[in-house]
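Down below is the structure, laid out as structure tokens.
Source: prediction; values computed, not measured. We number each residue from 1, following the sequence as shown.
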Amino acid sequence: MQDKPLRVVVWGTGGIGALAINAIAKRPGIELVGVWAYSKQKAGCDAGELAGGKANGIKVTNDADALIALEPDCVIYVASSPDRERAAVPEIERFLKAGINVVTTTTSRAIYPPTFEPWRDSMEEAAQAGGASFYASGIEPGFAADHLPLTLATQSSRITSVYAAEILLYDDYPTAHALMDGMGFGRPMDFVPGVARPGSIAMSWGSSIHMMADAFGLELEEIRENYQRVAAPRTVKAACGTIEEGTCGAVRITATGVVGGKEVLTVEHINRMHRDFAPEWPTGDGDCTYVVKIEGDPDIESRMSLKLKDPPSAGINMDAGAGPMLATAMRIVNAVPYVCKAPAGLHSSLTLPLTTPLEAFD
């Protein structure tokens, strides 16, 4: 344990930010010293109360300079917007140049920095200039379809293929821009969402495939993309909006890495707006399941579910999504001590030690 608590700033007060704020309150080794929000209406609010917990005396601010002047050990960057990476990277580079370490869920493609184009080089330069470290993670990408398969594969003698899937009910996710415009939910069946545009799937999920390919020592030839959808058989209400009958009610997004002409590394998302939509597609062991299948010797199959014992304390009205959101927040909160000790530069799960949670036991 370090001699004194690591001083952190949480950058963003949405669902992940609120969960991070509450988690930090339970970790003696991490001290919250500041919170930033886009919304001017949140400025001056108590951060603990805003996150749905107890008052903590930390006032939310829109003043970035004031928070940087605090010289925190780490920024937990969880700001969200429709154009997340383009907006986030300049801010993250500013922190790194100032010598402030950064952990984030915002730039999910940065979970494997060697493929984080076009910003990799400028971010590396910023990190080296400030002597700071950077790490991006989450539940997926960041763990379930990259770190977890690689960990399971340490048991393998021979591998033919690796398959990783998220099977998740999305009816309680409130981010309309990502789910409706980005993925196509609730839009007409001829609507072209962002994820269906050529190159989008490979850009969004290719980092996991590249990480696995490099870890396995494979020469990746290409990433093949596939986007499927099924119309909603009836109208349902969801947190992101109304899903009208006949509009997109379920999506299946697949990115497949090709090696030696064979499809060997597959990352898939099977997401629905109701449990009984697209019954012909694979289903999970509940509303949230992550599946990994490794064909080889031995064949390995792992199914992981995330369920909270208690309702989320951050004021998030979620059921299936609460577990993955908390897991996403904890992937970076738990990583803070390790990132602060890491050499300057951009890191991934392949370059950091196992980010075992410290002081997590009751």
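Dense packing is recorded around NZ of Lys59, with more than 12 heavy atoms of other residues, nucleotides or ligands lying under 6.0 Å away. More than 12 heavy atoms of other shown residues, nucleotides or ligands fall within 6.0 angstrom of atom CD in Glu222. Environment of CD in Glu280: crowded, with over 12 heavy atoms of neighbouring residues, nucleotides or ligands closer than 6.0 Å.
In this structure, the separation between CD1 on Ile76 and OG1 on Thr106 is 11.5 Å, given to the nearest 0.5 Å. Considering CD1 of Ile294 and OG of Ser161, their distance stands at 9.0 Å, rounded to 0.5 Å. Atom CD1 of residue Ile100 and atom CG of residue Leu70 lie 8.5 Å apart, to the nearest 0.5 angstrom. Here the CD atom belonging to Gln155 is positioned 4.5 Å from the CD1 atom belonging to Ile300, to the nearest 0.5 angstrom. We find the CZ-CZ distance between Phe277 and Arg272 to be 10.5 Å, quoted to the nearest 0.5 Å. Taking CG from Leu152 and NE2 from His147, the interatomic distance works out to 10.0 Å, rounded to the nearest 0.5 Å.
Between the Thr105 side chain and the Ser137 main chain, no donor and acceptor come within less than 3.5 Å of each other. Put simply, the side chain of Asp299 never gets that close to the backbone of Glu295: no donor and acceptor are under 3.5 Å apart. A distance-only check finds a donor-acceptor pair linking the side chain of Arg120 to the backbone of Pro114 [under 3.5 Å]. Judged by distance alone, with hydrogens and angles left aside, the side-chain atoms of Tyr112 form no donor-acceptor pair with the main-chain N or O of Leu350 at under 3.5 Å. Side-chain N or O atoms of Thr289 include none that pairs as donor or acceptor with a backbone N or O of Ser305 at under 3.5 Å. Between the side chain of Ser156 and the backbone N or O of Arg158, no donor-acceptor pair lies under 3.5 Å. Although no hydrogens or angles enter the test, the distance criterion places no donor-acceptor pair under 3.5 Å between the side chain of Asn101 and the main chain of Val336. In terms of modelled atom types and a separation under 3.5 Å, the side chain of Thr351 and the main chain of His347 share no donor-acceptor contact. Under a 3.5 Å cut-off, the side chain of Glu359 and the backbone N or O of Arg27 do not form any donor-acceptor pair. Side-chain atoms of Gln128 do not come within 3.5 Å of backbone N or O of Glu125 as any donor-acceptor pair.
Closest approach of Phe185 to Asn271, counting heavy atoms only: CZ-O, 3.6 Å. Residues Pro324 and Tyr173 come closest through the heavy atom pair CB-OH, 3.8 Å. Across all non-hydrogen atoms, the minimal contact from Ile16 to Met325 is CD1-O, 3.4 Å. In terms of heavy-atom proximity, Ala360 sits nearest to Pro357 at CB-CB, 3.8 Å. The shortest non-hydrogen separation linking Thr13 to Ala37 is OG1-CB, 3.7 Å. Residues Met211 and Ser348 come closest through the heavy atom pair CE-CB, 4.1 Å.
Counted by atom type alone, Glu244 and Thr235 present one or more donor-acceptor pairs between their side chains at under 3.5 Å. Of the N and O atoms on the side chains of Asp146 and Ser208, at least one donor lies less than 3.5 Å from an acceptor on the other residue. Side-chain contact of Ser349 with Tyr135: a donor-acceptor pair under 3.5 Å is present, judged by distance alone.
Met304 is connected to Met212 through a chain of hydrophobic side-chain contacts under 4.5 Å among Ile, Leu, Val, Met, Phe, Trp and Tyr, so both are in one cluster. By the criterion of side-chain heavy atoms lying less than 4.5 angstrom apart, applied directly or through intervening Ile, Leu, Val, Met, Phe, Trp or Tyr residues, Val291 is not grouped with Leu168; the two fall into different hydrophobic clusters. When hydrophobic clusters are built by joining Ile, Leu, Val, Met, Phe, Trp and Tyr residues whose side-chain heavy atoms come closer than 4.5 Å, directly or via intermediates, Ile270 is not grouped with Leu306. There is no path of hydrophobic side-chain contacts, each under 4.5 Å, that joins Val258 to Val264. Put simply, Leu218 and Leu220 are part of the same group of oily side chains (I, L, V, M, F, W, Y) that touch within less than 4.5 Å, one to the next.
The shortest side-chain heavy-atom distance between Val10 and Trp36 does not fall under the 4.5 Å cut-off. With a 4.5 Å cut-off on side-chain heavy atoms, Thr266 and Thr254 count as touching. Residues Phe143 and Ile111 are not in side-chain contact: their nearest non-hydrogen atoms beyond the backbone lie 4.5 Å or more apart. Between Leu358 and Pro337 there is a side-chain heavy-atom pair separated by less than 4.5 Å. Within the 4.5 Å cutoff, the side chain of Pro193 has heavy atoms near those of the Arg229 side chain. Side-chain atoms of Glu140 and Tyr290, non-hydrogen and from C-beta on, do get closer than 4.5 Å to each other. Between Glu124 and Phe134, every side-chain heavy-atom pair lies at or beyond the 4.5 Å cut-off. When side chains are defined from C-beta on, Ile332 does not count as touching Thr104, because their heavy atoms never get closer than 4.5 Å.
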CA sep, side-chain torsions, deciding dist, call: Gln228, Asn226, side chain to side chain contact (heavy atoms under 4.5 Å, CB included): CA-CA 7 Å; Gln228 302 175 59; Asn226 189 31; 3.0 Å; yes
Asp73 vs Val8, side chain to side chain contact (heavy atoms under 4.5 Å, CB included): CA-CA, chis, key distance, verdict: CA-CA 6 Å; Asp73 295 293; Val8 302; 5.6 Å; no
Candidate pair Met189 and Thr247, rule side chain to side chain contact (heavy atoms under 4.5 Å, CB included), full reasoning: CA-CA 6 Å; Met189 294 296 284; Thr247 66; 6.0 Å; no
Intermediate values then yes/no, side chain to side chain contact (heavy atoms under 4.5 Å, CB included), Thr61 and Leu67: CA-CA 8 Å; Thr61 182; Leu67 292 179; 3.7 Å; yes
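With respect to the salt-bridge test (charged N to carboxylate O, under 4.0 angstrom), the residues Arg303 and Asp285 qualify. Salt-bridge check for Asp276 with Arg234: passed, with a basic side-chain N closer than 4.0 Å to an acidic carboxylate O. Salt bridge annotation for Asp181-Arg187: present, with a cationic side-chain nitrogen under 4.0 angstrom from a carboxylate oxygen. Electrostatic pairing of Glu49 and Lys54 does not count as a salt bridge here, judged by no charged N lying under 4.0 Å from a carboxylate O. Residues Glu91 and Arg94 are not paired through a salt bridge, judged by the lack of any N-O separation under 4.0 Å between the basic side chain and the carboxylate.
A side-chain hydrogen bond (donor to acceptor under 3.5 Å, both in side chains) with Tyr163 is found for one member of Glu263, Lys293, Glu268 and no other, namely Glu268.
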